[in-house]
Amino acid sequence: MLLASGQPSNLDRSDTTFFSKYAALLDMLLRVGDLAIVVLSGLAVYAMRFGTFAVDGPYRIAVVLATVLTLMIFHSSGIYRSWRGESLVVEIARVWVAWAGVLVAMFVLNWMMKTTDTFSRLWVGGWFAGAAAWFALHRFMSRCVLGYIRAHGVDSRRVILIGSTRAGRKIVEATRHSPWMGFDVIGYFATPHDQVDIDDLPRLGDMEQLVARGDTVACEQFWVAVPMHAEDDIHRIVDALNDAAATVRLVPDLFGYQLLNHQTAELGGVPVITLRRSRVTGHARVVKAVEDRILSAMILVLISPVMLLVALGVKRSSPGPLFYRQRRVGMDGREFQMLKFRSMPVDSEKAGVRWGDARNKQTTRFGRFIRKTSLDELPQFINVLKGDMSIVGPRPERPMFVQSFRKEIPQYMQKHLVKAGITGWAQVNGWRGDTDLNQRIRCDLFYIRNWSVALDLRIIIKTALTTFFGKHAS
């Protein structure tokens, strides 16, 4: 671990991941809540105006049309993007503008169909004002809930700053003044471009130390805060962090330049450019988690008779436990216990293990059969149900092999930006078992960059069709 002399060792991995599952879930509730506000406020104002909840046909059509338009316009307006560091007033203003766009679109459609005289102006005005008020309250409450969660250390990201520049100091101050943003800057690495001192922020080393051992620094995000003209140093830093299982963001030192109108995110008023991240974040992460839980539960029910027969075969083939539990490295570099049906005699690995060489490993007669047919992998659906693994993703390796491969294979640690999988893009393309690790990593990174539910289903179907004909997965 890279630490300056006398500094506390506070770089142990936190209990939260750098993918915001809480933010994504709350954002989904925000979207559903917006649609509910459109419908319920329309019905409530109708009841107040006409004294009944029995809504006439034209008004029902108007509410349904407004709901559809809200779904389309709100999404296209970008009002559901991350609000970390953004003003509540600005967010509410954007919602009101989008809501006004919905009303304008409805007016145009009704004008084209010559039905504008059908609706009460009091109802339209009350609906617009009532929904606008609820949209503002909805966002205020959402911020309070998520801000409370983040301020208490849940859903927070541990960050290491690279560069004590003006932009770096400003963004650190912003995170300290606004704990609801959920960022904990735990230290910084000095660079030749440092300009200022940052109070109470531990110095963890210099840029040369980071370049030499950057992949061993444990955090969820790196913020690179160096001047834009330092292109060579930015390139060296990014290369050094290629093997770190963390998000890398550029905090450009743009103060004093007319360059602020770029496609960047903002954190505390400071422009931030994300240099590397996985597609499986936010909503995608929630969708993939739901996909995994539903599919793994269904698959476990369907294969339960097969698992029972395999379990009986394992118990009868040799004495020992039913499952073989093995430490593997998964998302964010965290270790977990991967389950397999035991295919080897007890203590067969007592003398040590080597990567690959699967054909020479000692197995029972029944173990050879279940390894050849990949039936030994079936208990990993339990890992998926527990949340340790995904059905589709890069295959996990043992910790001792990860420590070796991260030094030998470029970008190896980037596979840990997503959950490990039972099968993956590498496996269905023939790179499974004792095959070229460089090719497997290329396939894993392709999967991370191009993830979609359709790609997952394609891999699952292809795996199901070929599992009894190919080599077993590693």
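Index from 1, following the sequence. Remember, it's a predicted structure, so these values are computed and weren't measured experimentally. These values consider heavy atoms only, across backbone and side chains, with no hydrogens, waters or symmetry-generated copies.
Judged by distance alone, the side chains of Y412 and D444 never bring a donor and an acceptor atom under 3.5 Å apart. In this model, a donor atom of one side chain and an acceptor atom of the other lie less than 3.5 Å apart for D233 and H193. Between the side chains of Q326 and Y324, at least one donor-acceptor pair of N or O atoms lies under 3.5 Å. Counted by atom type alone, W134 and S41 present zero donor-acceptor pairs between their side chains at under 3.5 Å.
Ring planes of F405 and F401: parallel class, angle under 30° (limits at 30 and 60°).
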Candidate pair F74 and W99, rule side-chain contact (heavy atoms from CB on, under 4.5 Å), full reasoning: CA-CA 8 Å; F74 276 34; W99 177 230; 4.1 Å; yes
Pair W223-F183, ring-ring contact (aromatic ring centres under 6.0 Å, His included): steps then yes or no: CA-CA 11 Å; W223 290 351; F183 291 112; 5.0 Å; yes
Stepwise side-chain contact (heavy atoms from CB on, under 4.5 Å) test for T191 and I162: CA-CA 7 Å; T191 74; I162 303 171; 3.9 Å; yes
Evaluation steps, side-chain contact (heavy atoms from CB on, under 4.5 Å), between V238 and L241: CA-CA 5 Å; V238 173; L241 299 178; 5.9 Å; no
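Counting only distance, with no hydrogens or angles, the side chain of R395 and the backbone of I422 share a donor-acceptor pair below 3.5 Å. Judged purely by atom type and a 3.5 angstrom limit, N383 uses its side chain to pair as donor or acceptor with the backbone of Q337. Within the 3.5 Å criterion, the main-chain N or O of T463 finds no donor-acceptor partner in the side chain of Q427. Of the possible polar contacts, none joining the S374 side chain to the E377 backbone as a donor-acceptor pair under 3.5 Å is found. Of the possible polar contacts, one joining the N450 side chain to the F446 backbone as a donor-acceptor pair under 3.5 Å is found. Listed for the D206 side chain is a donor-acceptor partner under 3.5 Å among the backbone atoms of E208.
Counting only heavy atoms from C-beta outward, the side chains of L30 and R139 approach each other to under 4.5 Å. With contacts defined as side-chain heavy-atom distances shorter than 4.5 Å, the pair W431/W425 does not qualify. Side-chain contact between Q411 and R406 is absent, with no heavy atoms from C-beta onward closer than 4.5 Å. Between K288 and R293 there is no side-chain heavy-atom pair separated by less than 4.5 Å. Looking only at side-chain heavy atoms (C-beta outward), F336 and R328 come within less than 4.5 Å of each other. V196 is not listed as a side-chain neighbour of T165, based on a closest heavy-atom distance of 4.5 Å or more. Residues E291 and V453 form a side-chain contact, since some pair of their non-hydrogen atoms from C-beta on lies under 4.5 Å apart. For the pair V251 and V224, the minimum side-chain heavy-atom distance is 4.5 Å or more.
Applying the salt bridge (Lys or Arg N to Asp or Glu O under 4.0 Å) definition to pairs two or more places apart or across chains, those involving residues 381-390 are K386-D388.
For F341, the ring pair (Phe, Tyr, Trp, His ring centres under 6.0 Å) partners at least two apart in sequence or on another chain are F323.
Annotation for R327: atom CZ counts as buried by contact number, over 12 foreign heavy atoms lying within 6.0 Å. The 12-atom threshold is exceeded at CD of E408, counting heavy atoms of other residues, nucleotides or ligands nearer than 6.0 Å.
A salt bridge between R398 and E335 is absent, with no side-chain N of the basic residue lying under 4.0 Å from a carboxylate O of the acidic one.
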